[in-house]
**Q** 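Can you read through this structure? Questions will come right after.
Please read these numbers as outputs of a predicted model, since none were measured by experiment. The first residue of the sequence shown is numbered 1, and numbering continues consecutively from there.
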Amino acid sequence: MSIVLHGVSAGKGIAIGRAHLVTRGMHEVPQYDLEPSDIAGETARYEAAVKATRRELEQLRSAIPENAPTELGAFISLHLMLLTDVTLSREPVDIIEEQHINAEWALKLQTDKLAAQFDEIDDAYLRERKQDMLQVVERIHNNLAGQGNELNLDGNLLDDTVLVANDISPADTVYFKEQRIAAFVTDIGGPTSHTAILGRSLNIPSVIGLSNARKLISENEWVIVDGINGVLIINPDELVLNEYRARAREYRARARELNKIKKTAATTEDGVNIELLANIESAEDIKRLNDMGADGVGLFRSEFLYLNRDTMPSEDEQYAVYAQFVKKLKGKNLTIRTVDLGVDKNPRWFGQNATPNGSLNPALGLTGIRLCLAEPVMFRTQMRAILRAAVHGPVKMMWPMITDITELKQCLVHLETAKRQLAERDEPFGEVSVGCMIEIPSAALTVASLLKHIDFISIGTNDLIQYTLSVDRGDDAVSYLYQPGHPAVLKLIQHVIRTANRMGKTVSVCGEMAGDTQFTRLLLGMGLRRFSMNPNNLLAVKDIVLHSNTLELENETARLMRNEDPEKVEKLLKAMNAEEEAV
């Protein structure tokens with residue numbers, strides 16, 4: 001009998017093959033008390049396991065294949081950073097010494113404590129870093145037990161092998177990158193986990209977060225991995241196999257066709273030029289951006305410079321990074337969003353009193369631009385670095401989570417102060433275009449007053465949807481209410497786009513809706529001419545742009561926007577996209 005499991009799509013594509021079960025995970029953790037005379041030896045045993053784990057990760061990092069995704073090295077470096085953090089390198093030793101218990105049990109107690117802290121984080125991306133921590137802990141535990149950390153791959157896998165695991169770490173992919181693997185599936189993981197990111201980067205069909213696939217699948221059993229829809233089919237019958245073989249052929253043909261338009265200008269059928277930009281987080285993303293033919297960077301998330309470190313990044317350090325980005329873009333625009341930190345993603349160097357404790361809802365607390373304004377030294381340091389980088393090419397500065405004109409004016413005052421400080425130092429700096437994110441309803445409703453003082457805006461649909469509908473999409477109990485196509489959300493987006501166009505100011509969308517092809521035609525019909533997205537989505541969006549007529553879409557959009565029933569809006573949206581598919 002066939003079994004169908006639904007999970008999270010990671011790497012796109014379809015694979016049909018034989019399952020190979022990956023045996024990983026920590027075995028039962030022993031617990032026993034120690035005599036005082038044994039404490040020193042036990043702490044030394046733990047420290048030796050940490051050192052062995054460090055050597056493994058360093059060797060893996062040096063052995064990364066040349067054709068591996070650029071993210072792989074960064075993820076292994078993150079694991080090394082987690083390993084050297086005192087929470088794993090030192091605190092388990094303190095537990096051994098204080099409680100007189102064995103190293104494995106001390107590590108488990110510390111792991112449970114850290115896991116609970118990760119579970120309380122609101123930000124989905126940072127919450128997913130719990131899996132990275134657990135992967136590092138597993139390596140330490142296996143070294144304590146004298147076990148190996150390699151995947152049980154025999155090197156003789158067939159082309160149609162599908163790896164089935166509880167989880168796959170970034171380090172694991174070094175082992176199977178050179179293997180002939182058709183796909184992989186895991187029991188755990190979310191859309192922002194490193195497993196998902198690597199699945200997309202490796203271009204391997206993959207589905208994660210399946211809960212219990214590892215228990216339901218037998219070795220060598222036939223499975224279908226549908227990485228497009230996030231579906232795993234166990235033991236499919238011949239009818240289903242034939243259907244998916246046809247789908248796989250269609251998908252491959254579609255991918256080949258999309259590759260042909262990499263260098264094609266994104267121009268609609270009625271001659272309207274559309275700007276397709278990329279959202280990036282690191283310098284490695286720029287190569288992918290250029291490969292996909294993006295017009296520039298619409299959103300650079302600068303948080304990566306501030307997290308996982310013990311000190312705030314200096315002005316010179318930030319300048320060096322931004323300048324490198326500008327030079328690599330070779331004249332294309334770089335839009336830098338100033339650091340978007342908050343209660344749920346505080347660097348260690350913030351200290352205990354940087355933000356108020358006990359916030360009942362961190363998303364409504366001291367975060368985004370509010371935190372920047374509360375930390376003016378940090379804010380102006382980053383702005384000076386951005387201004388200095390602008391000497392090397394076109395740079396835009398964008399402020400997150402602006403609520404109203406008062407906050408915006410404060411940002412402008414800090415910007416002028418930063419310029420004056422550079423001038424007093426005789427430090428060269430360039431002019432930057434300034435703008436802000438529209439991700440709070442109050443900013444969307446009063447966008448005209450904001451646009452009088454800035455050059456551009458970018459709509460952050462992820463947070464705008466969350467704040468408008470009062471829904472935390474990371475909460476499974478209410479995530480079904482997170483509806484990008486809700487009439488209230490669409491009306492706010494349309495209002496912002498129309499207002500910016502009327503005032504002659506640049507407007508883009510940089511949230512996930514920009515890269516979601518079901519909304520491309522609707523956004524074009526609203527008057528949007530600049531999309532910023534994950535580079536992997538760019539060609540699919542471009543293809544829709546090339547087959548769209550903005551004049552026709554404006555009429556269809558007007559008809560859709562007259563409806564306030566979410567179900568009717570959804571049907572009209574499907575009809576609008578059905579016309580595109582019929583072309």
**Q** Below 4.0 angstrom, N of the basic side chain to O of the carboxylate: do E303 and R337 qualify?
**A** yes
**Q** Provide the closest heavy-atom pair for G298 versus L277 in the form atom of the first, atom of the second, distance.
**A** N-CB, 3.6 Å
**Q** Side chains of N534 and N537: is there a donor and an acceptor less than 3.5 Å apart?
**A** no
**Q** Within a strict 4.5 Å, meaning less than it, do heavy atoms of the E104 and E42 side chains meet?
**A** yes
**Q** What is the minimum heavy-atom distance between G227 and V207, and which atoms define it?
**A** CA-CG2, 4.1 Å
**Q** Heavy-atom distance under 4.5 Å between the side chains of L299 and I336, does that happen here?
**A** no
**Q** Salt-bridged, K51 to E56, with N to O below 4.0 Å?
**A** no
**Q** May I have the step-by-step check of side chain to side chain donor-acceptor pair (under 3.5 Å) for S302 and Q382, ending in yes or no?
**A** CA-CA 10 Å; S302 60; Q382 182 175 28; 3.0 Å; yes
**Q** Roughly how far, to the nearest 0.5 Å, is the CE atom of M437 from the CD1 atom of I402?
**A** 10.5 Å
**Q** How far does CD of E58 sit from OG1 of T53, to the nearest 0.5 angstrom?
**A** 11.0 Å
**Q** Is the backbone N or O of T461 less than 3.5 Å from a side-chain atom of E439, with the two atoms forming a donor-acceptor pair by type?
**A** no
**Q** Under the side-chain contact (heavy atoms from CB on, under 4.5 Å) criterion, do M292 and M533 qualify, and how do the steps go?
**A** CA-CA 12 Å; M292 293 297 173; M533 67 200 76; over 6 Å; no
**Q** Do the side chain of Q110 and the main chain of T87 share a donor and acceptor less than 3.5 angstrom apart?
**A** yes
**Q** Does E138 form a side-chain contact (heavy atoms from CB on, under 4.5 Å) with L134? I'd like the steps, not just the answer.
**A** CA-CA 6 Å; E138 180 184 334; L134 292 175; over 6 Å; no
**Q** Could you tell me whether a side-chain N or O of S470 sits under 3.5 Å from a main-chain N or O of Q466, the two making a donor and an acceptor?
**A** no
**Q** List the residues meeting ring-ring contact (aromatic ring centres under 6.0 Å, His included) with Y319, not counting sequence neighbours, and say none if there are none.
**A** H392
**Q** Is there a donor-acceptor contact under 3.5 Å linking the side chains of D167 and T186?
**A** no
**Q** Please confirm whether the backbone N or O of L34 pairs with a side-chain atom of D38, one donor and one acceptor, at under 3.5 Å?
**A** no
**Q** Check whether Q410 reaches the backbone of L373 with its side chain - one donor and one acceptor, N or O, closer than 3.5 Å.
**A** no
**Q** Which heavy atom of V432 sits nearest a heavy atom of A390, and at what distance?
**A** CG1-CB, 3.6 Å
**Q** Does D226 use its side chain to pair, donor to acceptor, with the backbone of L232 at less than 3.5 Å?
**A** no
**Q** Check whether the side chains of S532 and N279 place a donor and an acceptor atom closer than 3.5 Å, and report yes or no.
**A** yes
**Q** To the nearest 0.5 Å, tell me how far R288 CZ sits from D291 CG.
**A** 9.5 Å
**Q** Is a side-chain donor or acceptor of N212 paired with a backbone partner of K215 at a separation under 3.5 angstrom?
**A** no
**Q** I'd like to check the salt bridge (Lys or Arg N to Asp or Glu O under 4.0 Å) partners of R301; sequence neighbours left out, ordered by chain and number.
**A** E281
**Q** Decide side-chain contact (heavy atoms from CB on, under 4.5 Å) for I140 and L107; before the verdict, give the C-alpha distance in whole Å, the side-chain angles of both, and the deciding distance to 0.1 Å.
**A** CA-CA 9 Å; I140 299 173; L107 178 59; 3.9 Å; yes
**Q** To the nearest 0.5 Å, how far apart are OG1 in T84 and CE in M81?
**A** 7.0 Å
**Q** Do S206 side-chain atoms and F184 backbone N/O form a donor-acceptor pair below 3.5 Å?
**A** no
**Q** Where the side chain of T468 meets the backbone of I465, is there a donor-acceptor pair that is under 3.5 Å apart?
**A** no
**Q** Identify, with sequence neighbours excluded, every residue that meets salt bridge (Lys or Arg N to Asp or Glu O under 4.0 Å) alongside E407.
**A** none
**Q** If I take atom CZ from residue R45 and atom CG from residue N143, how far apart are they, to the nearest 0.5 angstrom?
**A** 11.0 Å
**Q** Look at the aromatic rings of W399 and F379 and report parallel, tilted or perpendicular, splitting at 30° and 60°.
**A** perpendicular
**Q** Determine whether K396 and V297 make a side-chain contact, defined as any pair of heavy atoms from C-beta on separated by less than 4.5 Å.
**A** no
**Q** For I369 and C411, run side-chain contact (heavy atoms from CB on, under 4.5 Å): C-alpha distance rounded to whole Å, both residues' side-chain angles, the deciding distance at 0.1 Å, then the answer.
**A** CA-CA 9 Å; I369 201 63; C411 292; 3.5 Å; yes
**Q** With a 4.5 Å heavy-atom cut-off, do L464 and I459 have their side chains touching?
**A** yes
**Q** Taking the side chain from N462 and the backbone from E512, do they hold a donor-acceptor pair closer than 3.5 Å?
**A** yes
**Q** At their closest point, which heavy atom of V29 faces which heavy atom of H141, and how far apart are they?
**A** CG2-NE2, 4.0 Å
**Q** Taking all non-hydrogen atoms of both residues, which atom of A15 and which atom of A183 are closest, and how far apart?
**A** CB-CB, 3.6 Å
**Q** Could you tell me whether the side chain of I188 reaches within less than 4.5 Å of the side chain of I208, counting heavy atoms only?
**A** no
**Q** Taking C-beta and beyond as the side chain, do D132 and L82 meet within less than 4.5 Å on heavy atoms?
**A** yes
**Q** May I ask you to check whether over 12 heavy atoms, not counting those of E35, lie within 6.0 Å of atom CD?
**A** no
**Q** Can S314 and D316 be counted as having a side-chain donor-acceptor contact under 3.5 angstrom?
**A** no
**Q** Could you state the interatomic distance from CZ (R370) to CD (E375), rounded to the nearest 0.5 Å?
**A** 15.5 Å
**Q** Does one side chain, of N102 or Q31, offer a donor that lies under 3.5 Å from an acceptor on the other?
**A** no
**Q** Between S89 and L83, is any pair of side-chain heavy atoms under 4.5 Å apart?
**A** no
**Q** Give the minimum heavy-atom separation between V339 and C372, together with the two atoms involved.
**A** O-SG, 3.4 Å
**Q** I'd like to check E315 versus R380 (side-chain heavy atoms, cut-off strictly below 4.5 Å). Are they in contact?
**A** no
